[in-house]
Structures are given as C-alpha cells and as structure tokens.
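What's counted below: heavy atoms across the whole structure, side chains too, no hydrogens, waters or symmetry copies. Numbered from 1 within each chain, the chains take letters A, B, ... in sequence-line order.
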Amino acid sequence: MNRATLPLLFAGLLAACAPVGAGGRALTYSSLERLSTIEGRLVEVRCYLQERTQSEEQTFCAATDARGNLPLGLVDEKGRLTYLTDVPSRLASLVSERVQIRGLLTVNHQFLRPVSVSRWQERGWTYVPN
Amino acid sequence: MEHRRLSIPISQLVLLSLMLTSAVALADPKPKDFAVELAPDTIDGALWAAECLAVPRATADCNRRALQDGKPGGILTSLGHFTLLLLDGRILRHSCPQTGLQPERIQARGLLHQDGQAMSVVQLRAQCGASWQVVNLPYSGTEGPGVEVGNE
C-alpha cells in the first residue's frame with residue numbers, strides 16, 4: 001500500500017467512527033464550535049409552505065401561528081428553507097422581517113440552532129436581544 | 001276465483017334495491033373519520049426535539065428539556081429520516097399525560113411537505129406503555145372550533 005494513502009485511510013476511519021446525532025451525519029451540526037450565519041426572511045413554516053407568498057393574509061397567518069409557537073424557518077435569497085430549532089414564540093415579533101441569524105447549522109442545512117439574531121432596519125442590522 | 005299475478009318489471013326492481021341500499025347507507029351510524037380523509041400521509045417513529053437530534057450523543061434528558069421549553073419536535077423514522085411536526089412543541093411534552101414519560105413511539109397523520117422534511121399534522125397518536133393514545137392538539141394553530149392559539 002502506498003505511504004501517502006495510509007493517512008487518508010486513517011482519517012477516513014476516524015470520520016466514520018466520529019459520533020453523529022441520532023438522525024445520522026446529514027442531520028448533525030457541522031461544527032459545535034464554528035457558527036454559521038444565514039440571512040433571509042423569517043417565516044412561520046406551516047403558513048409559508050401552504051402559500052409561499054408574502055401577502056397580507058400570509059403575514060397574518062404567520063404572525064398568529066408564530067405566537068402560538070409553531071415552528072419558524074428562514075428563507076434565504078435562493079428560496080432555501082432552513083428550520084429553526086429554538087422556541088418559536090421568542091421570535092414571533094420578527095416574523096416576515098429580513099433577519100440575520102447566527103448559530104449552529106446541520107450538515108444538510110436543514111436545521112439552524114440560533115445563537116444570535118439581528119434584524120434589518122432602515123440603516124443596517126440591529127442586534128435583537130434575547 | 002281468479003288470481004292476478006303480481007308482476008314487477010326488472011328495471012323497477014333494480015331501482016327499488018338501489019333506493020334501499022342508499023337508505024341503509026344514509027342511516028349507517030358509523031361516524032366518518034375526517035382526520036383520516038384529510039391526512040393522506042402517515043409517519044411513525046421516535047419523538048425527538050430537533051435541537052437534540054443534531055447533537056452527537058444527545059441524551060433523553062436533552063429531549064425532555066427541549067420539549068418542555070416548547071422547542072420544535074419531530075419524528076425520527078426507523079430509516080433515519082426526520083420529519084419536523086408543524087405544531088406547537090408544547091403539545092409534545094404532554095404526549096403521555098398519565099405516565100408523564102416520553103412515548104415509546106409516535107405516529108402522525110397529516111400532509112407532508114418538502115420531501116417529508118415537515119408535516120402539517122391532523123392527528124397525533126403516542127404509544128404510552130402498551131397502549132396507543134390520541135394526543136390532544138389544542139395549540140395546533142389551525143383554524144377551526146375549539147382551537148386555541150396563544151400562550152398558556
């Protein structure tokens with residue numbers, strides 16, 4: 001066996017044995033130290049998936065459901081939806097707004113565990129305290 | 001004495017039997033299960049808080065705390081696929097109200113979205129010990145009578 005391939009094989013073995021979450025590697029946070037930032041529109045997932053528009057009705061539906069603690073998500077400029085794992089009612093007042101959320105992201109970008117949240121206001125980003 | 005034979009045309013007989021069948025069907029006391037009609041998809045598996053699912057070696061305690069806080073939860077199937085349930089996470093902490101423990105398994109009927117990443121739930125059942133119980137969905141946020149949207 002080539003000497004150069006040995007370290008690669010060892011690294012592969014280590015990666016295969018590394019602990020993963022219950023949902024497998026794709027659903028595990030890519031790193032527990034490095035935070036990712038996603039920018040987009042904060043949506044209440046149920047209403048968003050039903051209508052996918054930003055009409056007045058959708059905004060009302062989203063605001064009502066978010067106060068009722070239904071899951072929230074972030075839709076980025078490419079239209080990709082990332083689900084948030086935090087308590088939804090905490091961010092209910094920000095639904096339909098442009099936000100920037102920093103947190104732990106799963107490998108498959110399905111879930112984001114928020115650590116800090118900023119909202120876009122007239123002149124720039126404003127940190128939203130917990 | 002002359003007897004007249006009773007003769008009914010076949011078409012009338014068919015019509016009569018059809019009417020009788022419909023009458024029986026209408027009088028059938030069996031209630032319709034609208035939840036089943038509205039919910040084309042069913043998933044079944046273990047209950048997980050989304051937050052804990054992504055943490056390596058997450059404990060049952062992490063799950064219990066996250067659901068207690070009202071964080072979103074979902075179902076992890078035996079194939080390792082996770083579906084987020086689009087309902088108030090606080091519902092899930094009351095899945096087995098009699099034992100107060102986490103259900104062994106959970107089954108949800110509803111409408112799947114995004115290749116099964118999320119589900120709008122119509123009916124939720126939890127396996128508590130040996131029996132299956134229907135979980136009350138009072139904070140589902142869906143429209144309809146008896147539904148409350150708001151804080152506890």
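- Contact annotation for Leu72(A): neither backbone nor side-chain heavy atoms come within less than 4.5 Å of a heavy atom of chain B.
- Following chains of ILVMFWY side-chain contacts shorter than 4.5 Å, one can reach Val128(A) starting from Ile38(A), so the two form part of one hydrophobic cluster.
- For Phe82(B) against Gln110(A), the heavy-atom pair with the smallest separation is O-NE2, 3.9 Å.
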field: CA sep, side-chain torsions, deciding dist, call: Val45(A), His113(B), side-chain contact (heavy atoms from CB on, under 4.5 Å)
entry: CA-CA 10 Å; Val45(A) 177; His113(B) 307 283; over 6 Å; no

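- With a 6.0 Å radius and a threshold of 12 heavy atoms from other residues, nucleotides or ligands, Gln121(A) has its CD atom above the threshold.
- Residue Phe111(A) touches chain B through its side chain alone, counting heavy-atom pairs closer than 4.5 Å.
- Clustering ILVMFWY residues whenever any of their side-chain heavy atoms sit less than 4.5 angstrom apart, transitively, puts Val99(A) in a cluster other than the one holding Val75(A).
- Each of Thr28(A), Leu27(A), Thr106(A), Thr85(A) was scored for a side chain to side chain contact (heavy atoms under 4.5 Å, CB included) with Leu53(B), with one residue passing: Leu27(A).
- Between Gly70(B) and Pro88(A), the shortest heavy-atom distance links the atoms O-CD, 3.7 Å.
- Residues Val107(A) and Leu74(A) do not share a hydrophobic cluster, defined by chaining ILVMFWY side chains whose heavy atoms lie under 4.5 Å apart.
- There is no path of hydrophobic side-chain contacts, each under 4.5 Å, that joins Val87(A) to Leu91(A).
- Taking both residues in full, the closest heavy atoms of Gln114(B) and Leu49(A) are given as CG-CD2, 3.9 Å, listed atom of the first, atom of the second, then distance.
- Atom CG of Leu84(B) and atom CZ of Arg46(A) lie 13.0 Å apart (nearest 0.5 Å).
- Heavy-atom minimum distance, Leu70(A) versus Leu86(B): CD2-O, 3.7 Å.
- Under the 4.5 Å side-chain contact rule for hydrophobic residues, Trp132(B) and Val135(B) do not share a cluster.
- Other residues, nucleotides and ligands place more than 12 heavy atoms under 6.0 Å from the CG atom of Asp61(B).
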